[in-house]
Structures are given as structure tokens and as C-alpha cells.
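Presented below is the structure to which this report refers.
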Amino acid sequence: MERTLSSDVLQKQDETVVVSGWVQSRRDHGGLIFIDLRDHKGIVQLVINPEKNEAFARAEEIRDEFVVRAVGLVRKRQEGLENPNIETGSIEIVVNGLTILNRAETLPIQPFSENQANEELRLKYRYLDLRRPKMQHMLKRRAEMFSVIRNYMEGQEFTEVTTPILANSSPEGARDFLIPSRLHEGKFYALPQAPQQFKQLLMVGGISRYYQLAACFRDEDPRADRLYGEFYQLDTEMSFVEDGETVRQMFDPLIKKLSTEFAGKTLLSEDIPRIPYVEAIEKYGSDKPDLRFGMELVELTDVFTDTEFAVFKNAETVKAILVKNGTLLSRKQIDGFTEIAKSEGAGGLAYISYENGEAKSPIAKFLSGTELAALKEKTGATDGDTIFFGADKRSTVNKVLGRLRSEFADHFELKDPNVIALCWIVDFPFYEWDDARKKVDFGHNPFSMPKGGVEALNASTDEEKLAILADQYDMVMNGYEICSGGVRNHNPEVLYKVFGLLGYDEQYVEDKFGAMLNAFKYGAPPHAGCAFGVDRMFMELMNESNIREVIAFPKNGSGVDVMMNSPSMVDEAQKKELGI
RNA sequence: GCGCUCGUAGUGAAGUUGGCCUAUCACGCCUCCCUGUCACGGAGGAGAUCGCCGGUUCGAAUCCGGUCGGGCGCGCCA
């Protein structure tokens, strides 16, 4: 007889059914035993009467999480015995036969308890953790999201192409995972950090619109929003596209659809703003601003050029953020924010509070009446508010206030979990200053087109080089970078020049990117694209702050799979065969 | 690599200004009782060298040093 799922039992009243699943709980009344049987659709109650000797004996030895199969009659529950808390609460199955398909030892974690085990144990016993309704939900929703994405992409005539997992180590970017080659001793494959070069070669190969839900591999330390080892990207590329706006407009509807129809959230605005990188840094102190709240950075350098307050006078830049109701912050809380500011490089954290029409602050006595008036006017402060200052190098001020902006928003709960705020950050600098190595280096990836084409690359001084913009864009969702893309460079001359400005000769470029350069000689169409970090986007859509919560089998923060014990040692024979 | 932080029965927590700690509670587990429960109930029971090593002390879960492991952040992530 066919297995009936818990969710279908309601339609089988007064019929005999077979149900299978896990024992969620057993309630033994001595002469009568109830079992809550769980399958992937829900829970149904089994009743075992002592008259059924065989079944009753089985029921007595059953424990939580045993795997069982029951045959019985679906019966409407008597009046007053219904359980409104479960979907099948109006019926129960009167068991005739009960089979223990598999026993279970006492579980090392209690998946169905309010007390959630710590993450390390949950990861070690992930197969038990996955039985939790929340994890079941996550995996199903992730599959649904992938389905929405595939439908959309196919509707736009994108072709899904899978690209090699065994690829080449690439010199730029993240650390690679290396795979020793057996057939070619001493040589290595690498797992791709992204299918970047392959997708550009697909453009040369005449694929008009490419996409792939691609596994990407990076050997870099993880974060709460960044998985160790492997993660998935919606990787896309379009040929005969010469401007980033075409790409951005292609994907605006998909991300909106995922935010609203899929995740059931509200968009902060239908129009998705395009914000130049410099503007984002100056207004929000970040290239991935959370736009669900305001608190923009206010420029005050001019106000304090001739101030008596030395800290402000000597600073390259003075900016501030206005914290509404900031006077509610305790001294201790302000100390906490001061520590955060210091951790970002600030010397301290000056502030002014407004109470009863007066500016109260340890620094107020250093400020003139005109300065105080200008402050109030520029920030819009009113009673109850507090202004927090950053005074330092411009980059430090932006970094410190950008961090504080986010921290204050957390404190005052300004990040509405039901709202999605999207924006595109555009016009990234092509190069940036590497302070550690004291030289100009690539800001993003070297494969994008400089804005203004090859002429834009006529730069000799560091200053001129740093002023070059890349046709490069990131999409930001609620303060998370969820997408990065660019108009690609399909012209070998430009690629040589892009590297040349950093002092790399043509030989270097040919050594590193030979295949792509070669391909570009034979008719490469202009092309542009982007890649969405789908795990991170999914995390935010699901209101999770830890990306491991939305993945079936994540590695922990040390890159270890504590369930499978990987990485692990291998046989000497295996190593020998690989020549290592 | 660095900074902050956490580590107490199977699980989650309390205890951490040294001593009534012979370590408390809840869940789980075991035994027995119970024919309408659904977080079943009742009676009883087992289970912890307080991550590990060392030190201070008459006395350490508690203080100090080291070490291991987890989490968060920085570096890193073209």
C-alpha cells in the first residue's frame, strides 16, 4: 500500500493508510499510547490501543526520533479532543500495525527544544539540525529562490552554461584552492574564485547572454556574511553591451521581484538610486550604505577653519552625524560608541547634546556663537538630539562616521526588517592607493573598462591615475554588497595599458591572461555583466544575520567541516601518486 | 596574523567581588505508575574531574599566566 503523507491524511478519513516518519514525541498513558509522527509535510497523531498486542509492544519500546511505519484507520477525533495547534489536529490514526524501521540513540542535540544547541554542535550534527522546521524552511526557500531566478533568466533569453570547476590559479584576487595534477606532476589546477574569464570567453564564443548559478571558491577568512571556501553566485554576462546601465536595468526587476513577491517585503523605493562611489563615501561613509535610514554625514570643515578648538582646527576634515533622540544615550553607551570610533581609527568621539534649547557638551566652551549656530543649521539639530563629530583625515572621518551611522541605527532600531533598500554604487575608482605597499594598485578587478575609454588612461602621476574611474558597479541591499559587475575590457591594447600604468609589462599580461588576450584577437564583442552573491542576498531576504544559517552544510569559521572532519590527512600513497 | 569575547552534566542556562559549591535549575535520559494526551501527568534515579596545563592561596568553577577550541570584528576578500 502506498505511503500517505501527513498533509494528505485529512482527505483520507475512515480509510486505512500507511504513514512513515520520525517519532516527534511519545506519550505513554500506561494503557494507551500516543505518538506524534513527523514527516516532511507535518505531524499526525497515532493512537495505539493495548488490544493491538503487537503494535502496543512496539509502541512501548519506541523512543524519540525512531523511524517508524504505521498502518491504521484515519478517524475523526471526538469532540473536545482536537488539537488546533497542528494541521491534522482534527483527526488521528488508530494504529493496527506498527513497524520500527530504525532505532535512534538519544540525540546529542535536541532539535525541537527551545534551547538551541551552540553552533559548533549544530554543525557537527547538521543532519539532526536540518530536521528543525526552520532549517527545512530555509532549504526549501533557497530552492524556490533559485527557481525564481532561473525563470527570470530564461525569460530574458539567458543561456545557462556550466564552466569548469578544475581551472587555473589566478594571480590576482583571493587565495586559491590548489589541486595537484596527477597526470602532470608539479602542476596544479585551481578551483575558480569566479567564472570571470570563462564567461568572457563565452562572449567571444558567441553566447549572447550567459548565466550560471556558479560555485565559487575562495580561501579567505570568513565573516558572518561571508562563507568560507565555497559560495554561489548568479553569474551573468551580456554581449554587445557597452554601458553598465543596460546591465543594471536588466537586473532591477529580478531583485525587486525577489524582495517583494518572493520575500514579502516592501521596497524603500521603486526607483533604485545610482550613487557615485565618492558620493556614497561622503554621504554615508561607506560604499555599501544601508539606505533604510538617513543620518547622512554632514560636512562641517568650512565651519571650523578658524575655530579656537584645536582638534577641529587642525583636522583635514570635520564632519558630523545627527542622532535623533541622542540625548537618550547614557554616558556608558556613549563610551561604547567611542570605543567603536577608536577601533576605526578615531582619536576620540566629540559630541554636542541639545537640551532645553542649549548646546551641552564638554567641547561647547571652545566653540563660538557663530560656529554653534552654523552647526545647528547645517545638521538640523533640535532638542533631544546629539551631534557626533569626526575630525581627522578625510578617509578616517568617513570610515569612523560610516561605522557609527550603522551602529546608531542598530541601537535605535532604525533598520526595518520588513523593508528592502536597494541602490547601485557606480563610478568606482579604477585604481586605489595601497597604503601598506605605498603604491597605486587595482581597486576592483582589472578586467573592467576605464570610464572614458583608452584616452582616460593617459595618466602619469599617481594623482591622475587615482582619478580614473572604472565602469564598475555594485548593488547594495540593506547595507550588504550583493552584486558586483562591470563593463568589461574586450580590447587587448586597453588591457596592456591598464596594467602598464601599474608598471607591468606586456609579457606579464600575456603570461597571466594569455587565453583571454588570444581570444580578444579574434573578434571579441563588447560585453558587460555582473555577479550576485545569492547566499548573502538570500540571508538578508530571510532576515538572517549569519550566512551559515541559510546553508545546508557550511564550514565553520576556521574552514573546518566539523561534521565530515575535512580537511583531513590523506594516504602517503595518494600523495606519492600526486608527486607531493 | 591581530583585537574583543565565550568555554560549567547529553542540551541550554545560573553561580565567576575566592570559603556555606558535597556545584543550582530547566530540558533530555533511565526505572516504575497511569486509557485521551498533544510541551501529558505522578514517584524515584543516574549523569559534571566547571575546556586543558601550570601558578597564587589554608582553600580556586571563581584570581593570575599559558594553551586549545568556538563566535564576532580587523587584516584579507581582483
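Only heavy atoms go into these numbers, but all of them, side chains included; no hydrogens, no water, no symmetry mates. In what follows, every chain begins at residue 1, and chains take the letters A, B, ... in the order their sequences are listed.
In this structure B:C77 sits in no base pair that meets the Watson-Crick or G-U test at under 3.5 Å. As the counterpart of B:C72, B:G3 is assigned, both hydrogen-bonding distances of the Watson-Crick or G-U wobble pattern falling under 3.5 Å. Both distances falling under 3.5 Å, in either a Watson-Crick or a G-U wobble arrangement, place B:C32 opposite B:G42. For B:A9, there is no paired nucleotide, since no Watson-Crick or G-U wobble pair has both relevant distances below 3.5 Å. The pairing partner recorded for B:U37 is none, the criterion being a Watson-Crick or G-U wobble arrangement whose two distances lie under 3.5 angstrom. B:U62 is unpaired under the Watson-Crick or G-U wobble criterion, no partner having all donor-acceptor distances under 3.5 Å. Remark: B:U22 base-pairs with no nucleotide; criterion is Watson-Crick or G-U wobble with both hydrogen-bond distances under 3.5 Å. Across all strands shown, B:U17 has no partner, as no Watson-Crick or G-U wobble contact with both distances under 3.5 Å is found.
Of the candidates A:Phe499, A:Phe513, A:Phe442, A:Phe447 forms a ring-ring contact (aromatic ring centres under 6.0 Å, His included) with just one, namely A:Phe513.
Shown here is A:Lys134, whose NZ atom has more than 12 heavy atoms of other residues, nucleotides or ligands within 6.0 Å.
If you measure from atom CD1 of A:Ile340 to atom P of B:C72, you get 17 Å, rounded to the nearest angstrom. Going from atom CZ of A:Phe56 over to atom C1' of B:C34 covers 11 Å, rounded to whole Å. For the pair A:Glu60 CD and B:U31 P, the interatomic distance rounds to 11 Å; values are reported in whole Å. Nucleotide B:G36 holds its C1' atom 15 Å from the CD1 atom of A:Ile91, rounded to whole Å. Distance CZ (A:Arg403) to P (B:C72): 14 Å, rounded to an integer number of Å. Going from atom CD of A:Glu120 over to atom C1' of B:C72 covers 15 Å, rounded to whole Å. Distance CG (A:Leu46) to P (B:G36): 18 Å, rounded to an integer number of Å. As rounded to whole Å, 12 Å separates atom P of B:C77 from atom CG of A:Asp176.
Here, B:U11 and B:C29 have their P atoms 14 Å apart, quoted to the whole Å. A distance of about 13 Å separates the C1' atoms of B:A9 and B:A26, rounded to the whole Å. Taking the P atoms as reference points, B:A43 lies 39 Å from B:C6, given to the whole Å. Across B:A60 and B:G54, the matching P atoms stand 14 Å from one another, rounded to whole Å. Nucleotides B:C50 and B:A39 place their C1' atoms 30 Å apart, quoted to the nearest Å. Going from the P atom of B:A46 to that of B:U31 covers 15 Å, rounded to whole Å. Taking atom C1' on both nucleotides, B:G69 is separated from B:C52 by 10 Å, rounded to a whole Å. For the P atom pair drawn from B:A61 and B:G7, the interatomic distance equals 15 Å after rounding to whole Å.
One donor-acceptor pair, N or O on each side, does fall under 3.5 Å between the base of B:C76 and the side chain of A:Arg226. With hydrogens and angles left out, the side chain of A:Arg218 and the base of B:C77 share no donor-acceptor pair within 3.5 Å.
At a threshold of 4.0 angstrom between heavy atoms, the contacts of A:Glu51 include nucleobase atoms, whether or not backbone atoms are also involved. As judged by a 4.0 angstrom heavy-atom cut-off over every strand, A:Arg548 is placed among residues touching the sugar-phosphate backbone only. Contacts of A:Arg38 with the nucleic acid, taken as non-hydrogen atoms under 4.0 Å apart, are absent. Residue contacts shown for A:Pro222 are absent, as no nucleic acid heavy atom lies under 4.0 Å away.
Along RNA chain B, the nucleotide nearest to A:Gly443 and the one nearest to A:Val560 differ in position, and the one closer to the 5' end is contacted by A:Val560. The residue among A:Ser558 and A:Phe447 whose nearest nucleotide of RNA chain B lies closer to the 5′ end is A:Ser558.
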Which parts of nucleotides 1-15 of chain B does protein reach within less than 4.0 Å, heavy atoms only, written one letter per nucleotide 5' to 3' as B for base, S for sugar-phosphate only and - for none? B--------BBS---
Going 5' to 3' along nucleotides 37-47 of chain B, which nucleotides have protein heavy atoms under 4.0 Å from the base (write B), which only from the sugar-phosphate (write S), and which from neither (write -)? BBSB-------
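Dashed line: the shortest gap from a side-chain N or O of A:Ser343 to OP1 or OP2 of B:C74 is not under 4.0 Å.
Note on ring orientation: taking the six-membered ring where Trp is involved, the planes of A:Phe34 and A:His29 are perpendicular (angle over 60°, cut-offs 30° and 60°). A:Tyr473 and A:Trp424 have perpendicular rings, their planes meeting at more than 60° on a 0 to 90° scale where under 30° would count as parallel.
Residues meeting the side-chain contact (heavy atoms from CB on, under 4.5 Å) test with A:Glu481, sequence neighbours left out: A:Lys288, A:Asp474, A:Ser484, A:Arg536.
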Between A:Ser566 and A:Lys555, does the side chain to side chain donor-acceptor pair (under 3.5 Å) criterion hold? Intermediate values first, please. CA-CA 9 Å; A:Ser566 66; A:Lys555 310 231 181 330; 4.8 Å; no
Report the C-alpha separation of A:His40 and A:Gln136 in whole Å, then their side-chain angles, then the decisive distance to 0.1 Å, and conclude whether the side chain to side chain donor-acceptor pair (under 3.5 Å) test is met. CA-CA 8 Å; A:His40 64 286; A:Gln136 296 267 313; over 6 Å; no
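With a 4.5 Å cut-off on side-chain heavy atoms, A:Phe231 and A:Phe217 do not count as touching.
No salt bridge links A:Arg226 with A:Glu220; every basic N to acidic carboxylate O contact stays at or beyond 4.0 Å. For the pair A:Lys41 and A:Glu87, the salt-bridge criterion is not met [side-chain N within less than 4.0 Å of a carboxylate O].
A donor-acceptor pair shorter than 3.5 Å cannot be found between the side chains of A:Tyr284 and A:Asn398.
Ring to ring, A:Phe388 and A:Phe408 are close: their centroids are under 6.0 angstrom apart.
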